[in-house]
Amino acid sequence: MGQDGKCESIRQTQRSEKAEEIRRVCREVRKNVVAMIGAAGSGHPGGSLSCVEIVSTLYFGVMRVNPEDPNWPDRDRFILSKGHAAPTLYAVLAEKGFFPKELLPTLRKFGSPLQGHPDAKKTPGVEVSTGSLGQGLSMAVGMALAGKLDRRGYRVWALLGDGECQEGQVWEAAMAASHYKLDNLAAFIDFNGLQIDGRVEEIMNPSPLADKWRAFGWCVLEVDGHDVDALLEAASCASESRGAPTAIIAKTVKGKGVSFMEGQREWHGKAPTGEELSRALEEVGRA
Amino acid sequence: MKATREAYGETLVELGRERPEIVVLDADLSSSTMTSKFAKEFPERFFNFGIAEANMMGAAAGLARSGKVPFASTFAVFASGRAYDQVRQSIAYPGFNVKITASHGGLTVGPDGASHQALEDIALMRVIPGMTVIVPADAEETRQVVRWAAAHDGPVYIRLGRSPVPDVFPQGAPIQPGKASIVKDAKGRGFEAMGPAGTRDGLDADVAILANGIMVSKCLEAWEILAAEGITSVVVDVAFVKPLDEKTLLELADRCGAFVTAEEHSVIGGLGGAVTEFLSENRPCPVVRVGVRDKFGQSGTPEELLTEYGLTAEKVAQAARKALSLKRPDLRTRM
Ligand SMILES: Cc1ncc(C[n+]2csc(CCOP(=O)(O)OP(=O)(O)O)c2C)c(N)n1
Ligand SMILES: [Mg+2]
């Protein structure tokens, strides 16, 4: 049962080796994310850096996918509902082997398969096109329903922003997911406390977020979104849930890994240039 | 050079000082739509709804019903798409006095890509009964149409751009919102010489080029290309896609007999759609549309995208040549 607090710790030793590998991936992804956005000259570093551990943990510690066959029917699905974090998804997919890493520096450039926001038609491994916030969870619900219908064992993972939770459609999807008892669905909330215009609680306060998801019939876990072990634990907990979807509220730091971006709202949608870029690259390279 | 969204932000502040009933709504994009300027000066009359466009439009309807004059802003894709039903049902159907001022229209959004590039918004808004739809060409025209909208009673959609655009109109130009503006006549005279009631003899040309938004200045370049080939043209700024300035269209149909339309939008349903619909029922003559040909956008620099999708002066000139070739032979007098 993926009920709050009832999660048991599982196979601790085997886990920490896995976690070590995921942390290595995270360092690589972080470097690539900063370099890509720097090369593009535009993009969203803050929300990309806050979800590096979440996305890397899913692809390298949780999900069954096949980079050789991105549309393998039994694959686990990942929906990046907060599509502006595309650089993180691309860097993880490249690390996993869905496409060559040489493509990463073409982010946002004319003709590149790596569009500013995920484009399912252009990029192998990208399940759906996102960028307009609030729509990803509904698509994840559809995939989870199809999985039940076809009696396939795959799981569906979505990632939403905390600001994104202001969209009404998120709650329509939340209601549908518990109504249909979609225990093959889980949603991570990248709870970094910031959106574009300011702090989430000042712009349009969604709290108490955990209580809201609970009230909508979801199991709720709260974790440190940069702690790979905790994320692995939460994911396995969600995978064992029966009869209800799971929301994992991951406490994160926007801009994580680059000191001058951490917790700063102006780094939501701005690329570092010149001196800033070298400093950022140095900091994520050193980690 | 100035972005139309900047002019909007400044004009809102002026309006806020003049009229206490003006309120401003945004959906977590106030620093991009430039409503942040108003928010700073009038925090009690500014409402940030967070990332919840549908709710924002509904609340704007309620504010309007209560005597306020709401300006609701977000990106054009979200204003016209994400909140379409609220705009139709809650705002336009009861005819509420809401001004939807949408920034980041069209391809010039650039690297964010297709999800953020509104190429259908004018079509979506134009088809709603009672909605006024305006696409200003530059900062000065933006100032004037925003002021016009604030004074007008009824729903209005104004589309603004992200990137700076060249000035088409001099400051204080006597633009008549709702009327098409002749920005260059066949004799090469600009808007100022024409004046609102100016001389019409410069309207006799081989082709009339109608445009709005960023395409107006591209069409002025096309005028030069055509002139070098001995083709005379008139460049007309049609900021009001709805209601159309039908009188001027009929006059141009009689004087030129062939049209080009140019817009940073799908060729379906926008300015090109509006003009062809009107002319085919009233004064049939060739109209060649320059715009995005039934496609989504993509990432790239604004210039790369405008070239890829054929929104250039050269493509406008090419369209003008085609319009001329489609003219009835007996009307091709000046060829
Ligand atoms: C429907 C919609 N409205 C507005 C935007 C513009 N936008 C892009 S990111 C963003 C803020 C997102 O905040 P949050 O969900 O907290 O993401 P994070 O902090 O993880 O970057 C906004 C408003 C959008 N992409 N989609
Ligand atoms: Mg956030």
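Proteins get letters first, then strands, A, B, ... in listed order; numbering begins at 1 in each.
The residue among B:Ser32, B:Ser30, B:Ser31 with the most heavy atom pairs within less than 4.5 Å of chain A is B:Ser30. Taking chain B as the reference chain and counting heavy-atom pairs below 4.5 Å, the highest number among A:Ala40, A:Gly83, A:Gly163 is found for A:Gly163. If you tally non-hydrogen atom pairs under 4.5 Å between each of A:Gln195, A:Gln169, A:Glu202, A:Gln135 and chain B, the highest count goes to A:Gln195. Most heavy-atom pairs under 4.5 Å with chain A, from the set B:Ala39, B:Gly113, B:Ala27, B:Ala52: that is B:Ala52.
The distance from atom CG of B:Asp28 to atom CD of A:Glu164, rounded to the nearest 0.5 Å, is 11.5 Å. Distance check: B:Gln298 CD to A:Lys122 NZ gives 5.0 Å after rounding to the nearest 0.5 Å.
Remark: of the listed residues B:Ile51, B:Asp26, B:Asn48, B:Asn48 is the sole one forming a side chain to side chain contact (heavy atoms under 4.5 Å, CB included) with A:Ile203.
Residues of residues 250-267 of chain A lying under 4.5 angstrom from chain B, judged on non-hydrogen atoms, do not exist. At a heavy-atom separation below 4.5 angstrom, chain B is approached by A:Arg108, A:Lys109, A:Phe110, A:Gly111, A:Gln115, A:Gly116, A:His117 within residues 93-121 of chain A.
The two residues A:Ile196 and B:Leu29 come nearest to each other via the heavy atoms CD1-CD2, 3.5 Å. In terms of heavy atoms, B:Phe78 sits closest to A:Gly131 at CZ-O, 4.5 Å.
In this structure, B:Arg45 places its CZ atom where more than 12 heavy-atom neighbours from other residues, nucleotides or ligands lie under 6.0 Å away. Within a 6.0 Å sphere centred on NZ of B:Lys315, heavy atoms belonging to other residues, nucleotides or ligands number 12 at most. No more than 12 heavy-atom neighbours from other residues, nucleotides or ligands sit within 6.0 angstrom of CG on B:Asp294. The 12-atom threshold is exceeded at CZ of B:Arg293, counting heavy atoms of other residues, nucleotides or ligands nearer than 6.0 Å.
For a residue to count as touching a neighbouring chain, one of its non-hydrogen atoms must lie under 4.5 Å from one of that chain's; by this rule A:Ser129 does not touch chain B. For a residue to count as touching a neighbouring chain, one of its non-hydrogen atoms must lie under 4.5 Å from one of that chain's; by this rule B:Ser299 touches chain A with backbone and side chain alike.
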Given B:Asp112 and A:His44, is the side chain to side chain contact (heavy atoms under 4.5 Å, CB included) satisfied, shown in steps?
-> CA-CA 10 Å; B:Asp112 271 348; A:His44 301 84; 3.8 Å; yes

